[in-house]
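These notes are about the structure you will find just below.
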Amino acid sequence: MTTTRFAPSPTGYIHVGNLRTALMNFLIAKKSGGTFILRIDDTDPERSKQEYVDAIQEDMEWLGLTWDKIERQSERLDRYVAAADKLREMGRFYECFETPVELDLKRKKQLNMGKPPVYDRAALALSEGDKAKLRAERGDGHWRFKLDQARIGWTDGVLGDISIDAASVSDPVLIRGDGQFLYTLASVVDDTEMGVTHVVRGSDHVTNTATQIQMIQALGGTVPTFAHHSLLTGPQGESLSKRLGTLALRDLREAGVEPMALLSMMARLGSSQPLELRHGIDEIAEGFDVNQFGSAPTKFDVNDVYPLTGRLLGEMDLDAVAADVATAGVPDDMAAQFWSVIRANIGTRKDIAGWWDLFENGADPVVEDEDKEFVAQAMALLPEGPFDDETWGAWTKAVKAETGRKGRGLFMPLRKALTGQAHGPDMSAVLPLLKVIKARG
Ligand code: GLU
């Protein structure tokens, strides 16, 4: 039975980078009828906020990435204490007392000597007496997991066969001096106890994975299948880390991005499979394969998601937008006609109200200087309403006969005069909906 999890730390709003992780884990579970866990990594009481926990759930629900179970690390601290005790008994866990400044100094010295900045394990040499003394002076120490200094290898769903020499990695700190558990251990305990079979996360976690594999093995768990997707970059390949704050999922929602447009894109971006616009999460799951993703950094341009949003809306039936159409003030008996006229011409749902307003209240005409006379002549020929779908054809024919204009020179000034815009639906469909014609003067 497949079990996956998405494990955000609730220290901020989740963004497109997190979405990639969430979606991949969701799809793996979905595709195989497995279980998807939303795990809130809130072991840091200072930085974790309930506000963000709520926001994460809201964002996931907006996208339809619903979870089968939700877990919170802050409610499982006793499990982590038990695991830490077990590691201690096995001699794989040791207390260290170096201050951050001392550690920094050690690192700098190593780097100066051309050595990798790996923790030198000085604390292993401390006697019980030394430790008692240090504890009295400095308070409780922090606890490190003693790595077995061998090569740690695994077959990664994205990176293929990969291995890391544990001797090149510092023994990871799992409990801080203030007693706070770090997610590194918490995650191992949770993944093991919750039966997580597949872990997809960013390639920034590759070294963690190596050390966590040893922890899982030490604690007698089963190592899940790991896959590390590449990190997103901006359109020019620039780092996104500073900009991710502006790519929060809630901001995209606010801007009118459609969930399925974003999901269709994120399920394919960086993979060898072509991007196809999907209308339901099941459709996306069907073709999803994490092994198709490449390890190279993946370019993401938020501007690409808007055309997809527009295309998706254009393909939607009235049912899918009925609430927005009603909210815009469109009477029920006109909704179908209205939607069929505008559907191919909207960027986001927010544009719906704008079109209805235009039809109801008319648009301020846009008339270029050189078209002033022409537009005045044409308006004189426009019959009184109501219009039907023949009106535009008959009218422009009459205007053409009178003015000699044709083609774009004939149609564009009229479109701009009637709708105030250079683009929009077929004018023969627009005209019957247009109640007010400000260009009549
Ligand atoms: N809370 C961790 C993070 O957001 C989870 C990493 C993991 O998936 O194990 O980076």
Side-chain angles (χ1 to χ4, degrees), residues 2-29 34-50 52-53 55-57 59-60 65 67 69-77 79-80 83 145 152 154 156-159 162 164 169 172-176 180-216 219 221-232 240-241 244-245 247-249 290 293:
T2 305
T3 299
T4 64
R5 57 22 172 225
F6 170 51
S9 303
T11 55
Y13 296 121
I14 51 172
H15 48 66
V16 286
N18 304 118
L19 169 57
R20 207 152 178 248
T21 309
L23 179 61
M24 289 184 181
N25 285 294
F26 174 88
L27 292 176
I28 289 174
T35 304
F36 176 61
I37 302 171
L38 173 59
R39 194 183 74 210
I40 305 294
D41 282 5
D42 57 351
T43 53
D44 182 341
E46 262 155 48
R47 295 180 58 227
S48 300
K49 300 255 174 331
Q50 182 60 37
Y52 296 128
V53 177
I56 289 166
Q57 297 186 57
D59 294 344
M60 300 274 288
L65 302 182
W67 50 92
K69 265 201 254 172
I70 181 161
E71 301 278 359
R72 290 182 77 136
Q73 292 196 324
S74 58
E75 290 166 2
R76 296 178 40 82
L77 295 177
R79 311 300 314 154
Y80 313 143
F145 175 66
I152 308 165
W154 71 95
D156 194 281
V158 172
L159 305 172
I162 169 166
I164 287 187
V169 181
V173 176
L174 303 185
I175 305 179
R176 299 198 321 194
Q180 187 190 307
F181 279 86
L182 295 180
Y183 97 91
T184 326
L185 175 63
S187 178
V188 158
V189 173
D190 291 349
D191 289 346
T192 301
E193 294 186 3
M194 294 170 193
V196 170
T197 56
H198 294 74
V199 173
V200 183
R201 54 187 181 181
S203 57
D204 49 340
H205 282 292
V206 166
T207 308
N208 283 341
T209 296
T211 66
Q212 285 179 320
I213 285 175
Q214 282 202 359
M215 287 173 225
I216 296 167
L219 292 168
T222 308
V223 177
T225 303
F226 283 97
H228 295 84
H229 60 71
S230 65
L231 299 185
L232 294 181
L240 258 195
S241 53
L244 281 173
L247 294 171
L249 299 181
V290 75
F293 284 78

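When a ligand or atom number is given, it counts from 1 through the structure's own listing order. One is the number of the first residue; the rest follow in order along the sequence. Side chains included, hydrogens not; waters and symmetry mates left out as well; all remaining heavy atoms used. Here the structure is a predicted model, which means the values were calculated and not measured.
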The closest protein heavy-atom partner of atom 4 (O) of ligand 1 is Ala7 O, 3.4 Å

Atoms of ligand 1 under 4.0 Å from any heavy atom of Ser187, numbered from 1 in the order shown, are 9 (O)

- request: Determine whether the side chains of Tyr80 and Asp190 contain a donor N or O and an acceptor N or O closer than 3.5 Å.
  value: yes

Between Val173 and Leu182, is a side-chain contact (heavy atoms from CB on, under 4.5 Å) present by the stated rule, with each step listed?
CA-CA 8 Å; Val173 176; Leu182 295 180; 4.1 Å; yes

Quiz item: So, are Glu193 and Arg76 salt-bridged, with charged N and O less than 4.0 Å apart?
Solution: yes

OG (Ser9) and CG (Asn18) are apart, to the nearest 0.5 Å, by 9.0 Å

For atom 8 (O) of ligand 1, the closest protein heavy atom turns out to be Arg5 NH1, 2.6 Å

Q: Would you indicate whether the side-chain heavy atoms of Val158 and Ser230 approach each other to under 4.5 Å?
A: no

So the atoms of ligand 1 within less than 4.0 Å of a heavy atom of Asp41 turn out to be 1 (N), 2 (C), 5 (C)

Among non-hydrogen protein atoms, atom 10 (O) of ligand 1 lies closest to His205 NE2, 3.0 Å

* Trace of the side-chain contact (heavy atoms from CB on, under 4.5 Å) decision for Thr21 with Phe6 -> CA-CA 7 Å; Thr21 309; Phe6 170 51; 4.2 Å; yes

*Is there a nitrogen or oxygen of Arg201 sitting under 3.5 Å from a nitrogen or oxygen of ligand 1?*
yes

- If you measure every N/O of Val199 against every N/O of ligand 1, is any gap under 3.5 Å? no

